[in-house]
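A short write-up of the structure that comes next.
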Amino acid sequence: MITRLNSRLHCFINLTGNFITTSFLLPSSSRLGFEFTPHSTSLASLLHSTSFSNNGDPPLSRYQKVTSLDHAFNLFDEMIQRKSLPYVIKFNQLLNAVTKMKHFSSCLDLFKQMCVIGVPFSKYSMNIAIKCCCQMSRTNDGFALLGCCFRRAVVPNVFIFSTLLDGLIHEDRIIEAERLFKKLIKHKLCEPDVVMYSTMIKGLCKFGNNDIAIGLLRLMDESGCKPNVVIYSTIIDSLCKDKLIEDASKLFNEMVFAKGIQPDVITYNSLIHGLCNLCRWDEVSKLLKEMEDLRISPDLHTFSILVDALCKEGRVDEAEAVIDIMVERRVVPDIVTYNTLIDGYCLRGEMTKARTLFDSLTSKGFVPNVVTYSSLLNGYCKSLKIEEAMHLFHEITRKGLKPDIVSYGAMLQGLFRVGRCGAARKFFDGMRAQGLIPDECTYGIISDGLCNNHQVEEALSLFHLVGDSKLNSNIVVYTILIEGASKCGKFDIARDLFQDLTLKGLQPDVQTYTVMVSGLCGEGLLKEAKHLFRKMGESGCPPDGEMDGRRYSLDASTLSMLIDEIADGSVDRSMLKLIGKLVPKEMMDTLA
DNA sequence: GTAGGGTTAG
C-alpha cells in the first residue's frame, strides 16, 4: 500500500509542476492591454454620445470589477445622478457584475430602476435580467420579460432563448424545454448555435436520456453546427455519472481522434470522477499522467474529486497528502475540500481529528457551512455521541445558518440508533415545522430507524399512510422495509412488498435482491432463494456489470448457500464474478 | 465595448 501511495503521490507532484505560474500572470497583463484600448469612433458610438455621453468616464473595468453589493449600489446611484446618463453598456456591465456575484434579486432591482429612469435597455440587459429570473427558479417571470421584449420591439435572439431554455431545464421542466427548442427551430425564431445545443443536451442528460443527447449531437453535426469540447464533456460527464465508463471513453476517443477536439480539465475531471466512483484507481492514475503529457494542469475540482474518493475508500492519510500537495502547488483548497476531509475522518470515526480540523477552519479563513456541520453531525451520530451532536445542532442556528434536511437526517439516524424514537419523532416534527419537506432519504432513515427499533408495524403503516409517490415508489425504502419485515419474522409481508414493487414497475436493485435472497435463506427456502439469485443475474442486475463495490454485501447464510451452488457447478462465470463483488471485504479477509 | 452552455462535498 505504501509503495502504491508513493507512486501515486509522485504522479501528482510531477503533473502539478510547471503549469501553475502562467495562470497567475495572465490576468493583470491582459487587463492593462484592455484598459488602454481607445474608444471606438464608429457611427453608432457617435450617435450614442450625443444623447448619452460618457462624461469622461473612468475605464470600463470600473463597472465590471465591482467587489461587493454595496459597491454596486453606490456606483449605480452615482451613475443615475449624473446630468447625462452613461452608456447603457456601462449599466449592463454593472448588472452583469452583480449577477456574477449571484445577487440575482438585487440585479433585478437595479434593472427595474433602470427601466423607471428610462435607460433604453438592450438585448444585453434583457438577457441579464432574464437570467436572474431563471437562476432564482422564476423562469415564468423570465418569459414575462420576453413579452416585454416583444412590446418594446427588442427582437429576442439566440442568447435570450438559450437563457430561457436553461431556466426551464434548471427547474426540471424538460418537456417544456424540448417543446420550446423544437418550436424555435420549426418557426425559425432563431438558428440554434452550439450553446443552445449544449443547453438542450444538458437537459436531456439530466433526465437520463443519454441516447437522445447523443442523437442530438449527431443531428447538430449534420446540420452544420460543429460540436465542441463543452458538448462532448456534457455527455461524457452524464455517461460517467451513470457508471457507463466504457461509453464515455468511446465518446472521448471520438472527440479527440475523429473530431480533433482537445479535451480540457473539465473533461478529465468528469472521467476521473467516474473512475474514482468505481474505484478504478489505475485508470485514474493513467488519466492524470495523460493530463500531464497534454500540459493540462489539475485544478481545485480535480483535487477535490481525488480527496473525496480517497476519503470514501477510508484512505484519509492519502487524502491529507493530496491536500498538502495542493497547497504546495498553490492550488488553494476551499471549503469543499475541507468538508470532504472532515467527512472522511467522520466516516472512520476519527472524531477528534474531525473536530480539530473543524475548529481550525476559521483561523484558515473559512466559514463552516451547513455541509460542514452536517458531516460532523453525522460523525457524532455514527459514533453514538448524541449529546455532542445535539450541541452542534443547536450551534448551527446560533451561527446564523439553517439546518437542512440532511442535518435533520443525521440527527434522526443518530437518535434511532440509540433507541430514542420519541426524540426522533420530535426532530421530525420540528423539521416539518421549519417548512422542510422530507425526501426519500428522510423516509429511508425513518423506515430503517423504526425497523431496527422493532417497530416494523409503524414503518409499514407510515409507508401506507403517507401515500406519497416519493415514499411509495422508491426502491431503497422498499428494500429497507423488506429487510425489516423479514428480519422480524414477517417474511410474508416482505414477499408481498417485493411483489408490490415489481407490479409498480420498479426495478429491484442488487441490494433488494440480496435482502430477498437472504430472507428466503433465513426461512430455509433454499430452492426459491437459488431461483431468485439466478433471476438477479438474468435480469442484468447490476447493469453492464459495473458496480461501485462499496455498498452491497451478502450475509453468511446466503453465502454458504451459494458456496453449495458453486460446488455443484451450477454457477456460471458471470455469476461467480457477481458473487465475488457481493462478498464483504471483512469476510474475504476472514476467509483468507 | 456588454449577454447564454460543461466538472467538486454532507
Side-chain angles (χ1 to χ4, degrees), chain A residues 34 37-40 42 44-45 48 54 59-61 63-64 87-97 99-100 121-132 134 156-167 169 190 193-203 205 228-238 240-241 263-274 276 298-309 311-312 333-344 346-347 368-379 404-407 409-410 441:
Chain A
F34 188 53
T37 304
H39 280 231
S40 154
S42 69
S45 73
H48 264 296
N54 76 357
L60 286 175
S61 55
Y63 302 94
Q64 294 165 313
Y87 286 150
V88 64
I89 290 173
K90 307 207 184 245
F91 281 102
N92 293 341
Q93 285 174 333
L94 184 64
L95 290 188
N96 196 35
T99 311
K100 291 269 145 62
F121 63 74
S122 63
K123 282 172 197 172
Y124 294 84
S125 15
M126 204 38 127
N127 191 42
I128 297 170
I130 292 175
K131 188 181 177 188
C132 289
C134 293
N157 60 8
V158 68
F159 280 74
I160 288 178
F161 285 123
S162 295
T163 307
L164 286 165
L165 193 68
D166 196 52
I169 290 161
C190 72
D193 65 1
V194 68
V195 175
M196 184 171 264
Y197 275 112
S198 85
T199 307
M200 196 59 235
I201 283 176
K202 175 182 73 177
C205 288
N228 61 11
V229 64
V230 175
I231 300 264
Y232 273 100
S233 298
T234 306
I235 306 176
I236 287 171
D237 183 67
S238 177
C240 286
K241 288 208 167 79
D264 62 13
V265 65
I266 298 180
T267 326
Y268 276 103
N269 285 348
S270 290
L271 286 167
I272 288 172
H273 194 205
C276 282
D299 64 1
L300 184 57
H301 280 161
T302 325
F303 283 113
S304 283
I305 290 164
L306 294 171
V307 169
D308 178 49
C311 283
K312 287 207 172 98
D334 65 355
I335 189 72
V336 176
T337 325
Y338 285 113
N339 282 351
T340 309
L341 188 59
I342 287 176
D343 201 51
C346 289
L347 279 176
N369 58 22
V370 70
V371 178
T372 329
Y373 276 100
S374 296
S375 286
L376 209 54
L377 271 183
N378 191 36
D404 62 7
I405 49 171
V406 184
S407 329
C441 198

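Every chain is numbered from 1 and lettered A, B, ... according to where its sequence line falls, protein lines coming before strand lines.
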Looking at [N], I'd like to know if its phosphate oxygens (OP1 or OP2) sit under 4.0 Å from a side-chain N or O belonging to [X].
| X | N | result |
| --- | --- | --- |
| A:K131 | B:dG5 | yes |
| A:K241 | B:dT8 | yes |
| A:N339 | B:dG10 | no |
| A:K123 | B:dA3 | no |

For the side chain of [X], counting heavy atoms from C-beta on, which of [options] is nearest?
| X | options | result |
| --- | --- | --- |
| A:M196 | B:dG4, B:dG1, B:dT8 | B:dG4 |
| A:I305 | B:dT8, B:dG4, B:dG5 | B:dT8 |
| A:T199 | B:dG5, B:dT8, B:dG4 | B:dG5 |
| A:D264 | B:dG6, B:dG1, B:dG5 | B:dG6 |
| A:N127 | B:dA3, B:dG10, B:dG5 | B:dA3 |
| A:I266 | B:dG5, B:dG1, B:dT7 | B:dT7 |
| A:V371 | B:dA9, B:dT7, B:dG5 | B:dA9 |
| A:K202 | B:dG6, B:dA9, B:dT7 | B:dG6 |
| A:N96 | B:dG4, B:dT7, B:dG6 | B:dG4 |
| A:V336 | B:dT7, B:dA9, B:dG5 | B:dA9 |

Find the distance [X]:[atom1] to [N]:[atom2] and express it as a whole number of Å.
| X | N | atom1 | atom2 | value |
| --- | --- | --- | --- | --- |
| A:Y268 | B:dT7 | OH | P | 18 Å |
| A:N228 | B:dG4 | CG | P | 16 Å |
| A:I272 | B:dT7 | CD1 | C1' | 10 Å |
| A:Q93 | B:dA3 | CD | C1' | 11 Å |
| A:L95 | B:dA3 | CG | P | 11 Å |

Would you call [X] and [Y] a side-chain contact if the rule is heavy atoms closer than 4.5 Å?
| X | Y | answer |
| --- | --- | --- |
| A:D299 | A:N269 | yes |
| A:V370 | A:S407 | yes |
| A:C190 | A:N157 | no |
| A:S233 | A:D237 | no |

Using the rule for Phe, Tyr, His and the six-membered ring of Trp, do A:F159 and B:dA3 stack at under 5.5 Å and under 30°?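 Answer is yes, a stack.
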Have a look at [X] and say if it touches a base, only the backbone sugar-phosphate, or nothing, with a 4.0 Å heavy-atom cut-off.
| X | result |
| --- | --- |
| A:V307 | nothing |
| A:T99 | nothing |
| A:V265 | nothing |
| A:S233 | base |
| A:L341 | nothing |
| A:T234 | sugar-phosphate |

Return yes if the base of B:dG10 and the side-chain atoms of A:S375 contain a donor-acceptor N/O pair under 3.5 Å, otherwise no.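 Per atom types, no contact qualifies.
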Check: B:dG1 base within 3.5 Å donor-acceptor of A:N92 side chain: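 Counting by modelled atom types and ignoring angles, no donor-acceptor contact under 3.5 Å is found here.
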Under the side chain to side chain contact (heavy atoms under 4.5 Å, CB included) rule, collect the residues that match up with A:D166, sequence neighbours excluded.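 Partners of A:D166 under the side chain to side chain contact (heavy atoms under 4.5 Å, CB included) test: A:Q135, A:T199, A:K202.
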Sequence neighbours left out, what passes ring-ring contact (aromatic ring centres under 6.0 Å, His included) with A:F161? Give chain and number order.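 ring-ring contact (aromatic ring centres under 6.0 Å, His included) check on A:F161 returns nothing, list empty.
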